[in-house]
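Along the sequence shown, residues carry numbers from 1. Order of appearance sets the numbers: ligands from 1, and atoms from 1 within every ligand.
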Amino acid sequence: MADLPFHDKDDFADADRGFIAKLSPAVIQAADGRVIWDNDSYDFLQGECPATAHPSLWRQGQLCARQGLYEVAEGVYQVRGLDLSNMTLVEGERGVLVIDPLISTECAAAALRLYREHRGDRPVTGVVYTHSHADHFGGVRGVTRGGVPILAPEGFMEHAVSENVYAGPAMARRAVYMYGPALPRSPEGQIGCGLGMTTSTGTVSLIPPTTEVTRTGQEETVDGIRMVFQLTPGTEAPAEMNFLFPDRRALCLAENATHNQHNILTLRGAMVRDARAWARYLNEAVTLFADRADVAFASHHWPTWGRAGIVRFLEQQRDMYAYLHDQTLRLLNKGLTGPEIAEALHMPPELEQAWHTHGYYGSVSHNVKAVYQRYLGWFDGNPAHLWEHPPRESAVRYVDCLGGGSAVVAFARRYIDENDLRFAAQLLNHAVFADEGNKEARDLLADVYTRLGHGAENAVWRNFYLMGALELSDGIVPATTDVTSLDLLAALSVEQIFDSLAIRVDGPRAWHERLSIDWYLTDLGERYRTTLSNGALIQQREPADESADLTLRLTKDQLVGLLAGKGVGGVEREGDTGALQRLVAVLDRPAPDFAIVTA
Ligand SMILES: [Zn+2]
């Protein structure tokens, strides 16, 4: 920690550069009065770093908690600190182009109001979504009702919903640990998530794009504003793009280069990202744009000014992802496993000395394991790990071997005294999984998690540890994420809708059920058949015959309504109507409150 470059204050200068005004108070409410954003609750971060936080993360919290309207370049503005992400505004001939309208419509509307107070009542003449994550499109109905050009990278709509469809409920539950919305905001509690402070909790919307960017070099003009695009699929998101405003000499880096090491695998769970492609696209961005930009900004954190600074920033970010990728593969080809590589791999000194490569959101430790997972998967080749008992069954046996729950707690205390909190957590986790009623073990594990959280440079690790401690003491905090946004449901493809249905079939309950339903989508003119057999719901587009047990004629909206539990009113049915009831009868529900730190 003594090696950290605290003398380097450039980030503070850049984070404050161009400041125009704050939102005061920085509290945003939904129509029903519910507070969905409160940046003032982080004011305590402007004090000295306490013993309950890692100084490097505290510093990052100070930077991320800054809030307000900023001028980035002539005619280019950002509203920062009114959600997890930034909203960027570029002034055109008639109005203003909005890039990435935050997560919630309420936050986006507040950001636009703040901008207009200082720059005049300009109409929104276009929108750009930099990529397919909800913190970059969810607030769109807060800035426009549509009817303007909306640009997005190729594949945007599919990925905007698909990442949250199949494993959505589990991700939402784990996101409670990742972002820590249930934690108190205090020097002992949640101090941000590295990428920003936290996620807002208002209304999520989505208006489909009108223009897809399909190739690097593509140029588009909206409201007189020229843009030159670089497609970067498979980086931080499956559909993402960087772009230059040549007339403003301003470069938008989406979320491909931000002031932290990003996630190769986000801890709430997701598909593993491609660090190799990520590094290549950053290198391409330098080649394409470095000579044509005086400022580079992203949809999180603060901009970087000046050609030399931009190139250094992009090249270091590039080297970071390339190094993580290549060195993990070098070491796995020598036989090291993920956890071993995570201990062995250290970042180069130049990168360690640059604040923006630090793991406030991603980390070397979990990103290395992600690269291993991408290439080799969960199995490390050791047969002892091929058929282990599951966690609770293992825990019962470990505790038995160690002489019972009290003995395990005593052993754990020894490791705590030696400051080996990692092993103390492993031991106590066994004690709790073997016997949830072991209060001594629970309390001590909560203490250990709290200490691990307070020592973490990574904000997300801190939140996971502190949430673990909270749930051990107070019980489970269910996920509250609204996954029923009508805009998002309407954006599902028919194939995704039937996929969603298929993963809700309770297999064993459906073992002996056999049925087929044809769904004729009257507005699309398409027919789909779903067949249930052996507990698997199979979909087929345009079946050759008409032999299904039941045929339903309905619109896609009605299909979405059925999925949302609105019933079959108004749907034309022909054949065995009992088939639909039998299908509904075998559908299961996800659990928004499954146990994580207990068995
Ligand atoms: Zn984002």
Item to check | the Zn ion (ligand 1) contact by His300, N, O or S atom under 2.8 Å | outcome: yes
Next on the checklist: Is the ring pair Phe137/Phe156 parallel, tilted or perpendicular, if the boundaries are 30 and 60 degrees?
Outcome noted: perpendicular
Checklist entry - With a cut-off of 2.8 Å, does His136 place any N/O/S atom under that distance from the Zn ion (ligand 1)? => result yes
Checklist outcome for this item: Atom name of the N, O or S atom of Glu255 nearest to the Zn ion (ligand 1) is OE1
Item to check | Test of ring centre spacing under 6.0 Å for Tyr323 and Tyr321 | outcome: no
Item to check | Minimal non-hydrogen separation, Asp38 against Arg185, with atom names | outcome: O-NH1, 3.1 Å
Item to check | N/O/S atom of Asp135 inside 2.8 Å of the Zn ion (ligand 1), strictly under | outcome: yes
Item to check | Check against side-chain hydrogen bond (donor to acceptor under 3.5 Å, both in side chains), His136 and Glu255 | outcome: CA-CA 10 Å; His136 303 271; Glu255 198 164 331; 2.7 Å; yes
